[in-house]
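Just so it is clear, the values below take in all heavy atoms, side chains as well, and ignore hydrogens, waters and symmetry mates. Given the structure is predicted, the values throughout are model-derived calculations rather than measurements. In this chain, residues are counted from 1 in sequence order.
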Amino acid sequence: MLSAERTWDRRVEKWHSHVTSTETFGKMLNRLIQLASPKPSDACVDLGAGTGFVTTALAPLVSWVVTVDISSAMAAALTERAAEDGLHNVSAEVKDLRKFQLPPASVDLVVSSYALHHLTNRDKRVLVARSEEH
């Protein structure tokens, strides 16, 4: 059985176009940004950022975005995409969301798309509880 990181590393080549190619994706992304109400001064985190389709839409609207993904290949693709788009306020961390922790009061906005459903309900509760502590 492949580890989660290896599974996602193997999907990196086709993942971005697979997700962003549908009309539904554009609607979801617009709605996510609208609901998030990002401000220019916001420090953000994108959980399970993948290749950065949410990150690259959010980064021009905020101070900075730290991304978290279990796949080093996804993080590398995201970093490359951000650089190509001239987004210098994006940094990527390779980490399992079940182990990710933010320093207290370090972000203003947390977003996630197409990622949290990969966690068990228990792991979701633990992640949210850690976020609320900070």
Side-chain angles (χ1 to χ4, degrees):
M1 184 169 153
L2 289 175
S3 70
E5 179 180 6
R6 287 183 56 210
T7 297
W8 287 104
D9 282 352
R10 294 175 75 186
R11 294 180 181 171
V12 70
E13 293 299 320
K14 296 179 181 176
W15 185 248
H16 196 83
S17 62
H18 167 73
V19 172
T20 62
S21 64
T22 68
E23 183 180 325
T24 304
F25 169 78
K27 290 177 182 178
M28 181 282 307
L29 182 60
N30 290 338
R31 185 70 174 137
L32 186 149
I33 298 295
Q34 179 186 24
L35 290 171
S37 300
K39 297 173 197 65
S41 60
D42 282 349
C44 304
V45 63
D46 184 355
L47 300 174
T51 56
F53 38 84
V54 173
T55 299
T56 55
L58 188 60
L61 307 173
V62 299
S63 177
W64 61 269
V65 182
V66 63
T67 67
V68 183
D69 201 275
I70 197 167
S71 166
S72 56
M74 292 280 185
L78 183 151
T79 300
E80 184 178 320
R81 181 166 283 106
E84 288 172 0
D85 291 349
L87 301 171
H88 304 290
N89 61 338
V90 174
S91 63
E93 288 190 31
V94 177
K95 188 124 206 105
D96 186 325
L97 290 179
R98 295 173 296 176
K99 297 175 183 168
F100 179 67
Q101 292 193 29
L102 291 166
S106 61
V107 298
D108 305 296
L109 180 62
V110 178
V111 297
S112 185
S113 176
Y114 300 119
L116 296 182
H117 66 279
H118 293 289
L119 299 178
T120 65
N121 287 338
R122 181 186 179 286
D123 289 337
K124 290 173 197 171
R125 286 190 294 276
V126 169
L127 179 63
V128 169
R130 276 197 317 258
S131 298
E132 290 174 344
E133 291 172 359
H134 304 293

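The side chain to side chain donor-acceptor pair (under 3.5 Å) test applied to E84 returns no partner, not counting sequence neighbours. Under the rule for a side-chain contact (heavy atoms from CB on, under 4.5 Å), the partners of E93 that lie at least two apart in sequence or sit in another chain are V66, F100.
Remark: side-chain polar atoms of D42 are not paired, donor with acceptor, to backbone N or O of C44 under 3.5 angstrom. For the pair D46 (side chain) and V65 (backbone), a donor-acceptor distance under 3.5 Å is absent. With D96 contributing its side chain and I70 its backbone, the two residues share no donor-acceptor pair below 3.5 Å. Between the T51 side chain and the A77 main chain, no donor and acceptor come within less than 3.5 Å of each other. Between the side chain of D69 and the main chain of A75, no donor-acceptor pair closer than 3.5 Å is present.
Looking only at side-chain heavy atoms (C-beta outward), T79 and V90 stay at 4.5 Å or farther from each other. Residues S41 and D108 form no side-chain contact, since every pair of their non-hydrogen atoms from C-beta on lies 4.5 Å or further apart. Side-chain contact between W64 and V107 is present, with heavy atoms from C-beta onward closer than 4.5 Å. Within the 4.5 Å cutoff, no side-chain heavy atoms of S63 are placed close to those of N89. At least one side-chain heavy atom of R81 sits less than 4.5 Å from a side-chain heavy atom of T56.
A distance of 9.5 Å separates CG of L78 from CG of L87, quoted to the nearest 0.5 Å. With values rounded to the nearest 0.5 angstrom, E80 atom CD is found 10.5 Å from D85 atom CG.
Here the shortest heavy-atom pairing between T67 and A49 reads CB-CB, 3.5 Å.
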